[in-house]
Amino acid sequence: MQKQFKLNDIPGGAYVIVKENHVVSLKTLGTTVQKGNQPINRNTVFRLASVSKTFAAAITTKLAHENKLNLETPITDYVPYFQLAKKGFAEQIQLKHLLSHSSGLMPNTYDNMLHEKWPLEKVIKRFDKLNPICGVGKCYGYQNIAYSLVEPAIEHSQALSYEQLVNSQLFKPLDMKNASVGYKAFINSVNSAQPHILIKRKRTKQRDSFGDIISHNTWRKVKVSPDYYKVPSAAGINASISDMAKWLMANMGHSPEVLSPSLLDDMTTPRVKTKKDLRRKYWRNLLTDAHYGYGWRIYQLENFPIVYHSGWVAGFRAEVGYSPDLGIGFAMLINAESNVISKLSSHFWNNAEQLTPSTLNQLSKLNN
């Protein structure tokens, strides 16, 4: 991590490794702003981007297990103005299809309109101009706006808002002290990483240990964009690396009073095949199969599966995953739009089987 951050001029970031229900190693590097004087620490807040979907899936599935909603309810029961050009098709799309990105919609439908000043309801009403690309439940098409339609269902099921429910049902019981939902919460944080986008890349003739050409990167700090905060269930969670350690341990089964074993099984059951993931740079030589469950990807490596998700929004990248077989979890957050995070995350999982008890013990001693 230190070498790759230096080679790629990454402003700041953090990672955590957990083994079962304890933190083995938690490290931070760099500053909240490039060349600034506020260092990243364990409580620095980052945007999680699409890793937010893991929280929305947990809440929705939790409500289903409590019989407060039904995952087989058509989304039109909650959002009647959601329609498609093909008559009767929208009524076939159920909550479970939104959670697994198997609605039959074209990938990333109308994401470009999140950058516009249109009200979300007006954007959703434009779906009636589109035809599906496959039958419901028949193919994978990653969504943000459509994924956010779980929020009306969630809020219809009980008296709390989506934000209030995430806070009361997940953040507070898991002691995720720095976690929050929404744009205002992020910009009001006194300890937040600031977004950086790449404005210049100068290639050299040298290569790093991964075989990639080394480039000198110039990053520019930008304002926090509110665009994807319009769909909080899809991309609106903020959290620190210490929060992610707690989220990992909960999803690994160590907070059954919050995330029950049956709920976790439901979320991590493969629902739809994601062939495109098998071609991802840095991952393609590791994966033998890939699916999406409810809010999580399920990647099959040669000897074990991992439950995984990544996130990318203007100026931030996030990756989180865990291996039920190895009892190991890993998360990384950075405040730059760099694929170095995917390089490091895939490298970690490629070597995860080498993390023997003695190695983990050594890491834990270094951390402490």
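Residues take their numbers from the sequence shown, with the count starting at 1.
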Supply the atom-to-atom distance [X] [atom1] to [Y] [atom2], rounded to the nearest 0.5 angstrom.
| X | Y | atom1 | atom2 | answer |
| --- | --- | --- | --- | --- |
| Tyr15 | Ser25 | OH | OG | 3.0 Å |
| Lys275 | Leu287 | NZ | CG | 15.0 Å |
| Trp349 | Tyr299 | CH2 | OH | 13.0 Å |
| Asn350 | Gln354 | CG | CD | 8.0 Å |
| Leu63 | His156 | CG | NE2 | 13.0 Å |

Strictly by modelled atom types, are [X] and [Y] linked by a side-chain donor-acceptor pair under 3.5 Å?
| X | Y | value |
| --- | --- | --- |
| Gln164 | Asn167 | no |
| Lys343 | Gln4 | yes |
| His101 | Tyr294 | no |
| Ser50 | Trp312 | no |
| Ser192 | Gln194 | yes |
| Ser233 | Glu151 | yes |
| Asn238 | Ser180 | yes |
| Tyr228 | Arg47 | no |
| Tyr81 | Lys122 | no |
| Glu337 | His196 | no |
| Arg42 | Asn178 | no |
| Ser225 | Asp227 | yes |

Hey, is [X] close enough to [Y] for a salt bridge, meaning N to O under 4.0 Å?
| X | Y | result |
| --- | --- | --- |
| Asp277 | Arg284 | no |
| Arg207 | Asp212 | no |
| Glu319 | Arg280 | yes |

Taking atom [atom1] of [X] as the centre, does the number of heavy atoms from other residues, nucleotides or ligands within less than 6.0 Å exceed 12?
| X | atom1 | answer |
| --- | --- | --- |
| Glu257 | CD | yes |
| Asn188 | CG | yes |
| His216 | NE2 | no |

Would you indicate whether the side-chain heavy atoms of [Y] and [X] approach each other to under 4.5 Å?
| X | Y | result |
| --- | --- | --- |
| Leu95 | Tyr78 | yes |
| Gln38 | Thr31 | no |
| Val123 | Glu121 | no |
| Phe55 | Met176 | yes |
| Thr218 | Lys202 | no |
| Gln2 | Leu29 | yes |
| Pro39 | Thr28 | no |
| Phe5 | Leu344 | yes |

Any donor and acceptor pair, going by atom type alone, linking the side chain of [X] with main-chain N or O of [Y] inside 3.5 Å?
| X | Y | result |
| --- | --- | --- |
| Asn335 | Gly12 | yes |
| Asn217 | Asn8 | yes |
| Asn70 | Glu72 | yes |

message = Under the criterion side-chain contact (heavy atoms from CB on, under 4.5 Å), I'd like the reasoning laid out for Leu105 against Ile133: C-alpha separation, chi angles, the key distance, then a yes or no.
response = CA-CA 6 Å; Leu105 296 171; Ile133 60 172; over 6 Å; no
task = Please report the C-alpha distance between Arg271 and Asp266 in whole Å, then the side-chain angles of each, then the deciding distance to 0.1 Å, and finally whether the salt bridge (charged side-chain N to carboxylate O under 4.0 Å, His left out) criterion is met.
result = CA-CA 10 Å; Arg271 305 286 174 177; Asp266 218 4; 2.7 Å; yes
ask   = Would His347 and Tyr282 satisfy ring pair (Phe, Tyr, Trp, His ring centres under 6.0 Å), going step by step from the backbone distance to the final call?
value = CA-CA 8 Å; His347 178 69; Tyr282 303 120; over 10 Å; no
ask   = Can you hop from Leu174 to Leu333 via hydrophobic side chains spaced under 4.5 Å?
value =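 In one cluster with Leu174: Leu333, yes.
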inquiry  = Please determine whether residues Phe127 and Val136 belong to a single hydrophobic cluster, defined as Ile, Leu, Val, Met, Phe, Trp and Tyr linked transitively by side-chain heavy-atom distances below 4.5 Å.
reply    =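 Result: yes, single cluster for both.
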task = Could you go through the ring pair (Phe, Tyr, Trp, His ring centres under 6.0 Å) check for Tyr322 and His309 one step at a time?
result = CA-CA 10 Å; Tyr322 66 93; His309 216 290; over 10 Å; no
query = Looking only at heavy atoms, which two atoms of Ala58 and Trp247 are closest? And how far apart?
reply =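 Heavy atoms only, the tightest pair is CB-CH2, 3.9 Å.
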For Ser215 against Arg201, the heavy-atom pair lying closest together =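 Closest pair (atom of Ser215, atom of Arg201, distance): CB-CG, 3.4 Å.
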task = Output every pair passing disulfide bond (SG atoms under 2.5 Å apart) with a member in residues 67-127, not counting sequence neighbours, ordered by first then second residue.
result =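 Sorted result for residues 67-127: empty, none.
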message = Taking the six-membered ring of Tyr147 as reference, does the cationic atom of Lys53 (NZ for Lys, CZ for Arg) lie under 6.0 Å from its centre and within 45° of its axis?
response = yes
Asn108: side-chain hydrogen bond (donor to acceptor under 3.5 Å, both in side chains) partners, not counting sequence neighbours = Asp111
